[in-house]
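All chains are named by letter (A, B, ...) in the order of the sequence lines, taking the proteins before the strands, and each is independently numbered beginning at 1. Note that the structure is a prediction, hence the values are computed from the model and not measured.
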There are 2 protein chains.
Amino acid sequence: MRKGLHDKPANCMVEVAMEILGGRWKLAIVYKLLQRTHRFGELHREMRGITPRMLTRQLRELEEDGIIARMVHREVPPRVEYSLTDTGRSLETIVGLLDTWGRSYLDDHPAVQAG
Amino acid sequence: MRKGLHDKPANCMVEVAMEILGGRWKLAIVYKLLQRTHRFGELHREMRGITPRMLTRQLRELEEDGIIARMVHREVPPRVEYSLTDTGRSLETIVGLLDTWGRSYLDDHPAVQAG
DNA sequence: CGGTATCCCTTCCGATACTG
DNA sequence: CAGTATCGGAAGGGATACCG
């Protein structure tokens, strides 16, 4: 478990959830892994914009927090697969609703500038 | 609308949602305002740990993003009330699920250290 | 009452290069 | 293939004091 998850006084459990799931990439990774198990390189390719360094860090934190599992296959070339734990899969409804909310938000609040 | 909401290529709408709702305080504020309209001082007192400066910044961003409404009553002493917009209220289910998820996460992953 | 101003530290996050 | 190392800017966030 990461340090710092329990040492801040939380006003509500929403803060606890956001402490674990906040940041730009965490829930996007969960979104990907809800579809299927992914290798490191697959995630890197499919999530455009993330650097290997950030992907590694986010995956490690999600692993420490018990959201994903990391499976290392000792082969040549190496193969590492990431999947969701039960705790991670329990986010399916929330991730789905957030995806829907974000889509309708963009529909209702289109970007002003065209360039 | 805040700058930067639409200029990052998003892999999924979950990223859009987190761009608006991410951070330590945003959804906690929405959680409070789901209960009822709050004045600035009420939010400040009830959300222990937040500084006036941060509370102001988070409220302004939520207002820019169309999540909350700011109502200034021209009285002495001044009174400012914050409430949710329709868009903000549309987060009710998600916030409720996140609250439940956070609670059960803490139940399943208790802090190791007692102090 | 409802904020600002100033200062400063930490964390997030990206670019680039390198490795077993 | 699956990462690490190093660097550095941007943003998040807190302490304290002050203002209309």
Side-chain angles (χ1 to χ4, degrees), chain A residues 2-5 7-11 14-15 18-29 32-33 37-65 68-83, chain B residues 2-5 7-11 15-16 18-29 32-33 37-65 68-83:
Chain A
R2 254 186 315 146
K3 193 174 176 303
L5 280 187
D7 54 6
K8 289 174 187 166
N11 301 286
V14 175
E15 284 184 40
M18 294 310 288
E19 187 86 23
I20 298 165
L21 307 171
R24 181 172 172 188
W25 302 108
K26 294 266 177 78
L27 282 179
I29 292 172
K32 275 293 175 195
L33 296 187
T37 293
H38 278 72
R39 299 177 61 170
F40 184 90
E42 291 174 332
L43 285 172
H44 188 209
R45 273 191 302 277
E46 294 179 24
M47 303 183 53
R48 280 194 292 274
I50 195 169
T51 58
R53 169 186 136 95
M54 276 312 297
L55 183 53
T56 299
R57 285 182 52 171
Q58 303 298 304
L59 288 170
R60 290 291 192 279
E61 288 189 4
L62 286 170
E63 187 188 4
E64 286 182 67
D65 291 341
I68 69 175
R70 179 171 180 265
M71 177 72 181
V72 180
H73 302 264
R74 287 223 145 273
E75 309 171 356
V76 179
R79 180 161 59 101
V80 179
E81 292 188 320
Y82 294 93
S83 58
Chain B
R2 252 184 321 145
K3 193 174 177 303
L5 281 185
D7 55 7
K8 290 174 188 167
N11 301 286
E15 285 184 41
V16 174
M18 294 310 289
E19 186 87 24
I20 297 164
L21 307 170
R24 181 172 170 188
W25 302 108
K26 293 271 176 74
L27 282 179
I29 291 171
K32 276 292 174 195
L33 296 187
T37 292
H38 278 71
R39 297 176 63 173
F40 184 90
E42 291 175 331
L43 285 172
H44 188 211
R45 274 190 303 277
E46 294 179 25
M47 302 183 55
R48 281 195 291 273
I50 195 170
T51 58
R53 171 186 134 94
M54 275 313 294
L55 183 52
T56 299
R57 284 179 51 172
Q58 302 300 304
L59 288 170
R60 290 290 191 281
E61 289 188 4
L62 286 170
E63 187 187 4
E64 285 182 69
D65 291 341
I68 69 175
R70 181 172 180 265
M71 176 70 181
V72 180
H73 302 264
R74 286 224 146 273
E75 307 170 356
V76 180
R79 181 160 59 100
V80 179
E81 292 188 321
Y82 294 92
S83 58

Peer 1: Measure the distance from CD on B/Glu19 to P on D/dG12 and round it to the nearest whole Å.
Peer 2: 9 Å
Peer 1: With sequence neighbours excluded, what pairs up with B/Glu81 under the side-chain hydrogen bond (donor to acceptor under 3.5 Å, both in side chains) test?
Peer 2: B/His73, B/Arg79
Peer 1: Rounding to a whole Å, what distance do you find between B/Met47:CE and C/dG2:P?
Peer 2: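 In whole Å, C/dG2 P lies 16 Å from B/Met47 CE.
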Peer 1: Would you check, one step at a time, whether the test side-chain contact (heavy atoms from CB on, under 4.5 Å) holds for A/Lys26 with A/Glu61?
Peer 2: CA-CA 9 Å; A/Lys26 294 266 177 78; A/Glu61 288 189 4; 2.9 Å; yes
Peer 1: What's the CG-P distance between A/Leu21 and C/dC12, to the nearest Å?
Peer 2: 14 Å
Peer 1: Could you tell me which residues satisfy side-chain hydrogen bond (donor to acceptor under 3.5 Å, both in side chains) with A/Arg70, sequence neighbours excluded, listed by chain and number?
Peer 2: A/Tyr82
Peer 1: Taking only N and O in the side chain of B/Tyr82, is any of them less than 4.0 Å away from OP1 or OP2 of C/dG3?
Peer 2: yes
Peer 1: Rounded to the nearest angstrom, tell me the gap between atom CG in B/Leu55 and atom C1' in D/dG14.
Peer 2: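 One finds 14 Å between C1' of D/dG14 and CG of B/Leu55, rounded.
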Peer 1: For A/His38 and D/dG3, what is the distance between atoms NE2 and P respectively, to the nearest whole Å?
Peer 2: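 Going from NE2 in A/His38 over to P in D/dG3 covers 15 Å.
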Peer 1: Nearest 0.5 Å, please: how far is CE in A/Met71 from OG1 in A/Thr37?
Peer 2: 10.5 Å
Peer 1: What pair of heavy atoms forms the shortest contact from A/Ile68 to A/Leu59, and how long is it?
Peer 2: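 The answer is CD1-O, 3.4 Å.
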Peer 1: Measure CZ/B/Arg48 against P/D/dG14 and give the value in whole Å, please.
Peer 2: 15 Å
Peer 1: Quick one, give me the B/S/- string for nucleotides 13-20 of chain C, reading 5' to 3', where B means a protein heavy atom under 4.0 Å from the base and S means that only happens at the primed atoms, P, OP1 or OP2.
Peer 2: BBB----B
Peer 1: Can you tell me how far C1' of D/dA15 sits from NE2 of B/His44, to the nearest Å?
Peer 2: 12 Å
Peer 1: Among residues at least two apart in sequence or on other chains, which ones pass side-chain contact (heavy atoms from CB on, under 4.5 Å) with B/Val76?
Peer 2: none
Peer 1: Any side-chain N or O of B/Arg74 below 4.0 angstrom from OP1/OP2 of C/dC1?
Peer 2: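 For B/Arg74, the contact criterion (side-chain N or O under 4.0 Å from OP1 or OP2 of C/dC1) is not met.
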Peer 1: Identify the residue among B/Lys32, B/Glu46, B/Arg45 that makes a side-chain hydrogen bond (donor to acceptor under 3.5 Å, both in side chains) with B/His38.
Peer 2: B/Glu46
Peer 1: List the residues meeting side-chain contact (heavy atoms from CB on, under 4.5 Å) with A/Pro52, not counting sequence neighbours, and say none if there are none.
Peer 2: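 Expected list: A/Phe40, A/His44.
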Peer 1: Rounded to whole angstrom units, what separation is found between the CD atom of B/Glu46 and the P atom of C/dG2?
Peer 2: 13 Å
Peer 1: Please report how far the helix from C/dC1-D/dG20 to C/dG20-D/dC1 bends, comparing the axis fitted to its first five pairs with the axis fitted to its last five, to the nearest 10 degrees.
Peer 2: 50°
Peer 1: Below 4.0 angstrom from OP1 or OP2 of C/dT4, is there any side-chain N or O of B/Arg60?
Peer 2: yes
Peer 1: side-chain contact (heavy atoms from CB on, under 4.5 Å) between A/Leu33 and A/Leu43: does it pass, once the steps are laid out?
Peer 2: CA-CA 9 Å; A/Leu33 296 187; A/Leu43 285 172; 4.3 Å; yes
